[in-house]
Amino acid sequence: MLVVHRNGAVMHAGQTRMRAGDEIIVLPAAPTSNIELAASITQILYQVAVATKVALDL
């Protein structure tokens, strides 16, 4: 949880005191699954293989 002060300073909620005009921001957790990670790595490897094949055929 973050606290945004009126002067623009952003602090963790446990490190500062709330004052009038402050805003509380709660960021959602962004879950990453192993399947997404594997898909990203596979896509990168495929693109590198295609680029290498094109470069070798020149």
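Listed by chain and residue number, Lys53 satisfy the side-chain hydrogen bond (donor to acceptor under 3.5 Å, both in side chains) test with Asp57 (two or more places apart in sequence, or in another chain).
Tracing side-chain contacts under 4.5 Å through hydrophobic residues (I, L, V, M, F, W, Y), one reaches Met1 starting from Val3; they form part of the same cluster.
Here Val4 sits in one hydrophobic cluster together with Leu2, Val10, Ile25, Leu27; the rule is ILVMFWY side chains under 4.5 Å apart, joined directly or through other members.
Heavy-atom neighbours of Asn34 CG from other residues, nucleotides or ligands within 6.0 Å: at or below the threshold of 12.
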Name the atoms and distances for all side-chain donor-acceptor pairs under 3.5 Å in residues 36-45, with sequence neighbours left out.
from, atom 1, to, atom 2, distance (Å)
Ser40, OG, Glu36, O, 3.1
Thr42, OG1, Ala38, O, 2.7

Under 3.5 Å, sequence neighbours excluded: what are the donor-acceptor pairs made by side chains of residues 11-21?
from, atom 1, to, atom 2, distance (Å)
Thr16, OG1, His5, NE2, 3.0
Arg19, NH2, His5, ND1, 3.0

